[in-house]
Amino acid sequence: MFEINEYVFHLHCGVCKIRDIATLPGDDSGNKYYVLSPLFGDDKGNIVRVPVNNSASLRKPLDKDEAIRLVKNWPDIRKELYVTDSKLRKQLYEQTLSRGNLSELAPLLEGAYQRKAKDGHLNSMDAQFVNRATPIVYGELSLALQMPFEEVPEFIRKTNGF
């Protein structure tokens with residue numbers, strides 16, 4: 001069980017802080033919920049509730065060693081990472097986001113950034129993915145590495161000599 005003020009990783013929102021563990025107002029069942037505040041992305045400032053007895057969407061965030069290992073194994077941005085088949089790319093985006101595995105998200109995220117650098121823009125599907133994946137990936141690394149969110153991409157590049 002997680003505790004109030006603890007940080008957790010939520011599959012859909014990324015890093016969140018547990019603000020409370022409480023029942024829902026007007027819910028007489030007595031079911032308790034984690035009351036979460038997402039720290040990054042479009043969900044920042046919202047409240048997310050996750051049932052305590054069904055918290056499979058939550059896990060402990062990466063620790064510093066795990067984050068450094070992930071950064072050192074970052075996909076080589078000098079290689080073509082963009083999946084050109086749009087149906088396959090959409091399927092990969094959806095499956096990978098649903099699992100919340102940063103090592104799977106990283107190559108897709110870098111591929112989308114490659115496409116943006118090449119074309120100067122992203123299509124709507126790629127833009128939606130980047131808007132969801134960036135706060136999830138960089139947010140968790142930011143927390144684990146204890147650095148500002150904005151510095152994470154440069155840290156990845158410097159660490160890997162890109």
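- Under the ring pair (Phe, Tyr, Trp, His ring centres under 6.0 Å) criterion, Y93 pairs with F129, sequence neighbours left out.
- Between E104 and L108, the closest side-chain pair of non-hydrogen atoms is not below 4.5 Å.
- Side chain of N160 to backbone of V71: a donor-acceptor contact under 3.5 angstrom is found.
- Between the side chain of E94 and the main chain of Q91, no donor-acceptor pair closer than 3.5 Å is present.
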Go through W74 and L141 one step at a time and tell me if the side-chain contact (heavy atoms from CB on, under 4.5 Å) criterion holds. CA-CA 12 Å; W74 201 258; L141 290 173; 4.0 Å; yes
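- In this structure a side-chain-to-backbone donor-acceptor pair under 3.5 Å is missing from R19 to S37.
- Counting heavy atoms from C-beta on, the side chains of L36 and C13 never come closer than 4.5 Å.
- Checked by atom type and distance alone, the side chain of H121 pairs as donor or acceptor with a backbone atom of D119 at under 3.5 Å.
- In this structure the side chain of T159 reaches within 4.5 angstrom of the side chain of K72, judged on heavy atoms.
- At least one side-chain heavy atom of L58 sits under 4.5 Å from a side-chain heavy atom of F2.
- Checked by atom type and distance alone, the side chain of Q114 pairs as donor or acceptor with a backbone atom of I77 at under 3.5 Å.
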With side-chain contact (heavy atoms from CB on, under 4.5 Å) as the criterion, how do V130 and R115 come out once you've worked through the C-alpha distance, each side chain's angles and the decisive distance to 0.1 Å? CA-CA 11 Å; V130 167; R115 182 59 148 213; over 6 Å; no
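- Residues D43 and V48 have side chains not in contact (no heavy-atom distance under 4.5 Å, counting atoms from C-beta outward).
- Residues L145 and I68 have side chains in contact (heavy-atom distance under 4.5 Å, counting atoms from C-beta outward).
- For the 3.5 Å distance criterion, the side chains of Y113 and T134 qualify, holding a donor opposite an acceptor.
- Side chain of Y7 to main chain of P61: no donor-acceptor pair is present (N/O by atom type, distance under 3.5 Å, no hydrogens or angles).
- Salt bridge status for E151 with K158: absent, with no side-chain N to carboxylate O gap under 4.0 Å.
- Counting heavy atoms from C-beta on, the side chains of K116 and Y82 never come closer than 4.5 Å.
- By the 6.0 Å and 45° rule, R157 does not stack over the aromatic ring of F162.
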